[in-house]
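So the structure is just underneath, and the comments pick up after that.
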Amino acid sequence: MILPILEFPDPRLRTKAKPVAVVDDSIRRLADDMLETMYDAPGIGLAATQVDQHIQLIVMDLSEEKNEPHVFINPVVTPLVEEKAPYDEGCLSVPGFYETVERPARVRINALDRDGKPFEIETDGLLAVCIQHEMDHLNGKLFVDYLSSLKRERIKKKLEKLHKQQA
Ligand code: QAP
Ligand code: CO
């Protein structure tokens, strides 16, 4: 089932997600719906916050063929280096806007998979960027928060105008 995606500046995007207590079928069903929603968009990552579900759940697929779905439950992300790397980021909740954001270049990810089994990855590149971007969603933060207030306000006004036209 394709779920509606909240768009900036919707205040619900500022909600802090709660940990998943038990990885059961309802969580797996939500993860599957989020993957379907992400592929349909199309996007490479989606946090539960963006579909108005305020639990610590992220889905991602960075593969060319869009055949490598990944699920991260209760993720913890730890920077491994002080060095920061720039990346031109976008977001399904900020459609049509891309801006450069700098984040720690290498991170460790600890999370549960869709079976509730813990795993650990150390990574850099796009996976490091994407997991940090999605973790921010679970904490109510958006990539536009890293921009100047002038840039953020411009994006907000343009999206608000589009939302009014759609209403
Ligand atoms: C987050 O973003 C991300 O503006 C995932 O019109 C982005 O999937 C992590 C999208 C960049 C790392 C680097 C954005 C689709 C998709 C748009 C996405 C749009 C249509 C964004
Ligand atoms: Co996003």
Side-chain angles (χ1 to χ4, degrees), residues 1-17 30-81 83-109 111 121-147 151-166:
M1 187 174 70
I2 293 172
L3 307 169
I5 298 175
L6 301 179
E7 293 188 2
F8 178 66
D10 193 308
R12 290 172 290 182
L13 287 168
R14 299 308 185 177
T15 313
K16 220 172 141 21
L30 175 59
D32 288 341
D33 286 347
M34 286 171 56
L35 282 162
E36 191 182 343
T37 303
M38 179 187 79
Y39 287 129
D40 175 70
I44 59 171
L46 188 69
T49 311
Q50 295 175 273
V51 294
D52 205 18
Q53 299 291 320
H54 302 287
I55 59 171
Q56 292 174 13
L57 169 59
I58 290 166
V59 299
M60 209 184 285
D61 189 337
L62 305 179
S63 70
E64 203 73 39
E65 306 273 322
K66 297 293 160 217
N67 58 359
E68 292 175 28
H70 291 286
V71 177
F72 301 85
I73 298 165
N74 299 346
V76 176
V77 175
T78 312
L80 296 176
V81 293
E83 175 203 358
K84 295 199 174 181
Y87 200 95
D88 220 14
E89 295 193 17
C91 180
L92 288 170
S93 293
V94 192
F97 295 89
Y98 295 83
E99 294 286 348
T100 305
V101 176
E102 296 204 347
R103 302 182 186 271
R106 191 169 176 83
V107 298
R108 177 184 300 126
I109 308 169
I121 313 173
E122 289 188 9
T123 188
D124 54 16
L126 184 56
L127 178 53
V129 175
C130 199
I131 194 73
Q132 292 180 85
H133 174 113
E134 302 306 336
M135 276 304 287
D136 275 354
H137 280 300
L138 300 183
N139 290 314
K141 188 161 181 163
L142 297 167
F143 85 91
V144 297
D145 298 344
Y146 295 95
L147 310 178
K151 274 191 180 173
R152 187 168 48 256
E153 283 305 306
R154 278 190 186 142
I155 294 171
K156 178 167 167 264
K157 289 223 160 71
K158 285 182 189 165
L159 282 174
E160 279 173 337
K161 188 172 170 188
L162 283 172
H163 296 155
K164 273 188 193 129
Q165 288 168 351
Q166 283 160 13

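Both ligands and their constituent atoms are indexed starting at 1 by order of listing. This is a predicted model, so every value here is computed, not measured. Values reported hereafter were calculated over all heavy atoms of this structure, with side chains retained and with hydrogens, waters and symmetry mates removed. Residues: numbered from 1 along the sequence shown.
Geometry note: the Co ion (ligand 2) is the vertex, His137 NE2 and His133 NE2 are the arms, and the angle is 100° (rounded to 10 degrees).
Atoms of ligand 1 lying under 4.0 Å from any heavy atom of Tyr87, numbered from 1 in the order shown and given with element: 13 (C). Annotation for ligand 1: atoms under 4.0 Å from non-hydrogen atoms of Cys130 are 9 (C), 12 (C). Ligand 1 places these atoms under 4.0 Å from at least one heavy atom of Glu134: 1 (C), 5 (C).
Taking distance alone, with nitrogen or oxygen atoms compared against 3.5 Å, Glu89 stays at or beyond that limit from ligand 1. Close N/O approach between Ile44 and ligand 1 is found [any backbone or side-chain N/O within under 3.5 Å]. Considering backbone and side-chain N/O atoms, Gly96 comes within less than 3.5 Å of an N/O atom of ligand 1.
Among Val94, Leu92, Asp136, the residue whose heavy atom lies nearest to atom 16 (C) of ligand 1 is Leu92. For atom 12 (C) of ligand 1, the candidate residues are Val101, Leu46, Val129, Leu127; the nearest heavy-atom contact is made by Val129. When the heavy-atom distances from atom 11 (C) of ligand 1 to Gly45, Ala41, Gly90 are ranked, the shortest goes to Gly90.
Look at Glu160 and Lys157 and you find no salt bridge, because none of the NZ, NE, NH1 or NH2 atoms lies under 4.0 Å from a carboxylate O. Ion pair Asp124/Arg106 flagged as a salt bridge, since at least one NZ, NE, NH1 or NH2 atom sits closer than 4.0 Å to an Asp/Glu carboxylate oxygen.
At least one donor-acceptor pair under 3.5 Å links the side chain of Thr49 to the backbone N or O of His137.
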